[in-house]
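Bear in mind the structure is a predicted one, so any value in this text is a computation, not a measurement.
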Amino acid sequence: MDCSDNTDNNSNNGNPEENSDFEISDILNFYTEKGSVTDPQSMTFSISGEEHTLGNALRYIIIQHPEVEYCGYSIPHPSEDKLNIRIQTTENTTAIDAMRKGLEDLKSLCAKISETFYKANRDFDEKNNIS
Amino acid sequence: MDLFSPANKPEIRIQELTGERIRFILTNTDLSMANALRRIMISEVATIAIDMVQFDLNTSVLADEFIAHRLGLIPLDSTEADKIKYPRDCNCSGACKECSVELNLHVKCTEEDTTKDVTSKDLVSHDPRFTPITEGPKDAGILIAKLRKGQEIKVKCIAKKGVAKEHAKWSPCAAVAFEYDPFNKLRHTHYWIEEDEKKEWPQSKNANDDFPPLDDEIFDFTAKPNRFYFEIETIGSMKPEDIVMNAFKKLLEKISSIQMGLHSNDVPINGREPTRDVF
């Protein structure tokens, strides 16, 4: 993804005071944290409504990526419904791409384990109906 | 990435499966995945439970809210919970057939010299898919209250779909046991002892399925847990294998919704106003 020319199109919003968070999505309150867009290689993603359940699994998957130099997550405050994931990558990719790949890998891993469980369950049933 | 290499292929072995419990071993995966599965089964698998209670009559000795709370905790058959909507996703203003189930309870004690038990069997559901669970015809049901002669309870209950994150009554699990490394080879825990660890700390039953350490084994500080022992005990509202399958489904849904959120980022990153440098 090319982010180098984003400084030129800055006249579409009149109130920078209220917009210090960079909104990626209006659908799911998914945005990158302050100041993170200037460097596409290092970003903090903020996801609302998620916790350690997803945070830790996603972190684990993302650090498997060879181009990722750092990935960590935190829940800044327990009463805030918010999960931050920090990704820093090498020059060869961007943090967003690493996040995208991480999500895709986590999804296929999850699907794989799910399938494994389904098969184990079916085999268990078959074995016990016969005997 | 070596996530899907043959050496890293996740495996599951089911050891025990009955109507109310499942024991299985998950191997060749990371602790974070196993923990995600555990957390989802505890708190994010959707079930049906009574959420609103309207009291038409209550002359029993128990307070309305006390009975309402007891009603909420009664397990309702939730095997078809995915066929019903969450109240927040429904277009109706209060409760409709799409997002709720009505159950009625009307009991009056007419017996002279004994008390009458009000149980979960007295709850009459409007939807045969979502009824209070029973263990066969001999099951006496779950006791809600006891009535003396002349006392009466008449209530209307609205059951809704929810997750245990909001209230534990929606949890399909009574317990989720989770263990790895029963011999403490990884030294993730420290046993307090008087004299002899082996004498004072009995082995977990999962130790029979694990590999005991050799007497002269050197501590491997790079070792990672990769064998996880699960035991899930249900409250009866759902089959144990369904809880596990629904947990995976839920995890996939979570990932998909984040992918959707990230996807819309494809366009705006170049078109929007850049943020100020705050550092």
Side-chain angles (χ1 to χ4, degrees), chain A residues 1-3 5-7 9-13 16 19-30 34-38 45 47 50-54 56-61 64-66 96 99-100 103-114 116-121 123-125 128, chain B residues 1-4 8-17 22 24-26 28-40 42-44 165 241-242 244-245 247-252 254-266 268-279:
Chain A
M1 179 172 297
D2 180 27
C3 304
D5 60 348
N6 61 358
T7 43
N9 308 325
N10 61 352
S11 57
N12 55 353
N13 196 319
N19 232 357
S20 51
D21 284 345
F22 193 94
E23 297 258 346
I24 285 185
S25 163
D26 302 322
I27 310 169
L28 283 158
N29 295 327
F30 195 135
K34 290 171 188 171
S36 53
V37 178
T38 45
F45 299 85
I47 306 169
E50 294 300 342
E51 313 174 314
H52 299 280
T53 306
L54 200 92
N56 196 18
L58 195 54
R59 186 208 103 256
Y60 162 73
I61 296 289
Q64 306 291 314
H65 193 321
I96 289 182
M99 171 62 104
R100 201 172 284 141
L103 287 165
E104 205 50 59
D105 286 345
L106 181 59
K107 205 173 176 180
S108 46
L109 180 60
C110 180
K112 192 148 194 170
I113 301 178
S114 172
T116 312
F117 180 81
Y118 180 79
K119 277 186 193 148
N121 186 18
D123 293 348
F124 187 90
D125 284 350
N128 286 278
Chain B
M1 183 156 44
D2 61 345
L3 272 180
F4 303 104
N8 225 338
K9 204 172 161 236
E11 276 173 39
I12 288 173
R13 202 176 94 214
I14 298 176
Q15 297 170 291
E16 187 190 341
L17 178 58
I22 183 170
F24 65 87
I25 308 173
L26 172 64
N28 292 335
T29 189
D30 188 67
L31 178 58
S32 63
M33 275 306 291
N35 193 42
L37 175 63
R38 181 191 68 87
R39 285 176 63 95
I40 291 181
I42 291 172
S43 67
E44 294 192 66
K165 226 175 169 181
E241 63 270 35
D242 288 352
V244 184
M245 285 310 287
F248 285 121
K249 226 164 93 186
K250 180 80 194 183
L251 185 52
L252 284 168
K254 275 171 173 288
I255 302 163
S256 298
S257 71
I258 290 175
Q259 280 182 319
M260 255 168 60
L262 192 62
H263 183 70
S264 46
N265 169 56
D266 282 349
I269 195 148
N270 287 325
R272 289 202 193 178
E273 180 190 349
T275 49
R276 292 169 300 150
D277 274 328
V278 277
F279 303 113

### Those residues that, when tested against B:K250, pass salt bridge (Lys or Arg N to Asp or Glu O under 4.0 Å) (two or more places apart)
none

#### Entry: Best-contacting candidate, A:D123, A:N121, A:T53, A:L58, against chain B by heavy atom pairs under 4.5 angstrom
A:T53

### Summary
Okay, B:K165 and chain A: the region with an atom under 4.5 Å from a heavy atom over there is side chain

#### Entry: Donor-acceptor contact below 3.5 Å, side chain B:S43 vs main chain B:I40
no

### Query
Side chain, backbone, both or neither: which part of B:L31 has a heavy atom under 4.5 Å from chain A?
neither

### Task
To the nearest 0.5 angstrom, please state how far the NZ atom of B:K249 sits from the OG atom of A:S114.
10.0 Å

### Query
So which of B:L251, B:L17, B:D30, B:N35 has the largest heavy-atom pair count under 4.5 angstrom toward chain A?
B:D30

### Query
Which answer fits B:L37, side chain, backbone, both or neither, if we ask what part of it has an atom under 4.5 Å from a heavy atom of chain A?
neither

### Query
A:L54 versus chain B, heavy atoms under 4.5 Å apart: side chain, backbone, both or neither?
side chain

### Query
What pair of heavy atoms forms the shortest contact from B:E11 to A:T116, and how long is it?
CA-CG2, 3.9 Å

### Message
So, using ring pair (Phe, Tyr, Trp, His ring centres under 6.0 Å) as the criterion, who are the partners of B:F24 when residues are at least two apart?
### Response
A:F117, B:F230

